Amino acid sequence: SVYAFALMLFCFLVGLGGGASVSRRLLDRGLSAGIGLAYSYLGMAFVIVLGLFWWDQIPAYFESFADYGDTKTFEQREFVRFVTCALTMLPVSTLIGMAYPFSMELVGQAWPNIRLLALGRAAASNTLGNIVGALIGGFVLIPILGSFSTLELIAGTSLGLGVLIAWSLPTHERRRLVLPLLVCMALFPCLPDGFKMDQLASGANVYFHAQGYGQVIDYAESLDGGLTTVQRTEEENGDVIYTLLTNGKFQGDSSDKREMRAQVGFGLVPMLHTSARQRSLVVGFGTGVTARTLHDGGFETVDIVELSGDLLRLAKTYFSRKNGKVLSRNSVNTFVTDGRNYLMLTENEYDLISVEVSSIWFAGAASLYNSEFYRLAKSRLSPKGVFQQWIQLHRLSPTDLVSIIATMRNEFENVWLYMVGGQGMMVACLDDCPPKPEIADTLMHVPNLQPLLDIFGGKRPDLSKNLLLNPRELDRFLMGMSALGINALNLISSDNNHLLEYSTPRANVRPYEASLKANIALFDQYKNQPKSP
């Protein structure tokens with residue numbers, strides 16, 4: 001979430017500033033810049049290696065607070081995260097901060113006649129090194145080696161630099177570095193083979209309790225997807241369930257009981273609102289079932305936009321039986337990019353756009369729930385086009401729900417709110433596009449769609465039980481909430497306020513089932529009540 005980024009940035013900047021202040025004072029007291037720099041690099045190697053021993057225990061640490069009465073609110077849990085972040089990041093960032101003044105002092109001593117010019121060049125080189133290091137680390141080392149081996153490499157580099165600097169020092173100063181050097185070198189052979197992924201991807205970092213999705217059988221790391229994992233569990237009846245997660249957060253599974261119903265519904269429900277079947281767009285691939293539903297349902301072309309290439313690879317490997325190998329089909333195009341940027345650059349016109357990104361509280365996800373995005377999506381719809389978007393109904397406050405629904409309603413003339421398989425979805429169009437029985441009848445006779453319709457009992461699709469609010473009821477809901485003090489017009493999300501990005505993470509402390517029931521009950525208050533006989 002944006003709060004996580006803020007905590008990390010705060011800790012890192014405090015460490016840099018604090019470390020620089022410490023080294024400046026040590027220099028003023030007569031400490032040699034060379035020995036100070038050597039200690040800084042050896043210290044970096046030590047704390048990085050030490051962290052590798054317990055990094056995968058952090059989710060379990062969060063879980064240990066699950067039963068504490070003082071960690072039930074957002075603020076209390078963020079304090080726990082802050083303490084953990086500080087313990088993790090302050091030591092190494094402080095040592096990095098200490099290294100900079102020591103390095104600059106050595107540069108000044110080496111070129112006393114052109115001191116200012118040399119310091120300027122050194123500062124510029126440092127900035128260039130930061131940029132190149134971030135690019136190589138993020139786009140090369142982590143995807144190829146993984147974060148564990150990348151940290152090993154960084155620690156080894158720090159150790160090597162410490163040895164190199166120590167070698168250049170006078171003998172009496174070099175002797176002072178022998179013990180810390182030996183201690184650092186002794187830690188490397190004791191390192192584990194890697195992180196324990198079952199613990200690291202438990203999900204306890206999100207909700208302060210493990211999600212219990214089973215054993216990690218495959219994973220990938222990248223800047224785009226973070227840690228993407230596939231976990232395997234075997235049910236009592238012998239069925240094997242695969243679950244796809246991003247950073248411990250659920251993205252989809254192979255179970256027919258609930259998740260498959262939702263994934264099929266994300267494609268089936270909007271198809272009932274339009275008879276056009278030329279081109280469709282899926283933003284957010286997940287396990288791929290929605291893309292399969294659209295293609296099997298008769299769309300000539302299906303474009304898939306997914307931010308994480310890792311997710312596409314793992315979904316293709318482990319969920320091909322569920323998604324019908326849709327990524328390998330003709331007339332299915334895949335784009336690894338951001339959904340909003342794709343819509344800005346494409347000239348394609350779509351009969352159906354389906355958006356199923358991760359939870360709104362993920363940093364950046366809220367940009368697909370604001371006015372500018374809805375306006376952009378409208379411009380890419382055909383005259384009879386339909387827009388569908390997943391809306392989480394659990395762990396969201398009424399204010400967040402009003403903000404999401406009001407923002408979409410502000411751009412689209414008609415909006416329907418559904419719930420299929422426990423998941424919410426909004427369907428919108430430019431003109432009146434109610435679900436039509438004749439379209440449902442047509443879908444019943446599409447051969448490729450039959451296996452997916454069997455999940456719903458093989459019956460003709462009937463949305464009456466899945467509809468939470470029709471357009472008129474939805475407008476009544478917004479007006480009713482405004483009368484209660486939650487003004488819809490003041491909660492329109494846009495690029496200028498990012499309301500949802502800051503408000504939705506705060507509702508993660510709400511229990512899943514209780515929040516889902518409460519939000520559904522809230523919608524029920526605004527449904528048309530049947531007239532008395």
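The first residue in the sequence is number 1, and the count goes up from there. Note that the structure is a prediction, hence the values are computed from the model and not measured.
Partners of Ile217 by side chain to side chain contact (heavy atoms under 4.5 Å, CB included), not counting sequence neighbours, listed by chain and number: Val230, Arg232, Tyr242, Tyr318. Partners of Asp495 under the side chain to side chain donor-acceptor pair (under 3.5 Å) rule, at least two apart in sequence or in another chain, are Arg340, Asn370. By the ring-ring contact (aromatic ring centres under 6.0 Å, His included) test, Tyr350 pairs with no residue at all, sequence neighbours left out. With sequence neighbours left out, Cys433 forms a disulfide (SG to SG under 2.5 Å) with Cys429.
Pairs passing the ring-ring contact (aromatic ring centres under 6.0 Å, His included) check and including a residue from residues 210-230, sequence neighbours excluded, read Tyr213-Phe250. Sequence neighbours left out, not one pair with a member in residues 483-493 passes side chain to side chain donor-acceptor pair (under 3.5 Å). For the ring-ring contact (aromatic ring centres under 6.0 Å, His included) condition, the pairs that include at least one residue of residues 355-386, sequence neighbours left out, are Tyr374-Phe387. Residues in residues 60-69 take part in no side chain to side chain donor-acceptor pair (under 3.5 Å) pair, two or more places apart or across chains. For residues 365-375, the set of pairs meeting the salt bridge (Lys or Arg N to Asp or Glu O under 4.0 Å) definition, not counting sequence neighbours, comprises Arg375-Glu411.
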Show which side-chain atoms of residues 473-485 pair as donor or acceptor with protein atoms under 3.5 Å away, not counting sequence neighbours.
residue: Glu473; atom: OE1; partner: Asn470; partner atom: N; Å: 2.9
residue: Glu473; atom: OE2; partner: Asn528; partner atom: N; Å: 2.9
residue: Glu473; atom: OE2; partner: Asn528; partner atom: ND2; Å: 3.4
residue: Asp475; atom: OD1; partner: Arg409; partner atom: NE; Å: 2.8
residue: Asp475; atom: OD2; partner: Arg409; partner atom: NH2; Å: 3.4
residue: Arg476; atom: NH1; partner: Tyr526; partner atom: O; Å: 2.8
residue: Arg476; atom: NH1; partner: Asn528; partner atom: OD1; Å: 3.1
residue: Arg476; atom: NH2; partner: Asn528; partner atom: OD1; Å: 2.8
residue: Ser482; atom: OG; partner: Leu478; partner atom: O; Å: 3.0
residue: Ser482; atom: OG; partner: Ala488; partner atom: N; Å: 3.2

Pairs of donor and acceptor atoms involving the side chains of residues 286-294, under 3.5 Å and at least two apart or interchain, shall be tabulated with distances.
residue: Thr290; atom: OG1; partner: Gln263; partner atom: O; Å: 2.8
residue: Thr290; atom: OG1; partner: Gln263; partner atom: OE1; Å: 3.3
residue: Thr290; atom: OG1; partner: Glu356; partner atom: OE1; Å: 3.1
residue: Thr290; atom: OG1; partner: Glu356; partner atom: OE2; Å: 3.2
residue: Arg292; atom: NE; partner: Asp296; partner atom: OD2; Å: 3.0
residue: Arg292; atom: NH1; partner: Lys322; partner atom: O; Å: 2.7
residue: Thr293; atom: OG1; partner: Val289; partner atom: O; Å: 2.8

Show me the donor-acceptor pairs within less than 3.5 Å that the side chains of residues 199-209 make with the rest of the protein, sequence neighbours left out.
residue: Gln199; atom: OE1; partner: Gln57; partner atom: NE2; Å: 2.7
residue: Ser202; atom: OG; partner: Gln199; partner atom: O; Å: 3.2
residue: Ser202; atom: OG; partner: Ala204; partner atom: N; Å: 3.3

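In this structure, the separation between CG on Leu223 and CD on Glu221 is 10.5 Å, given to the nearest 0.5 Å.
Taking 4.0 Å as the cut-off between side-chain N and carboxylate O, Arg279 and Asp303 count as a salt-bridged pair.
Between the side chains of Ser308 and Asp224, no donor-acceptor pair of N or O atoms lies under 3.5 Å.
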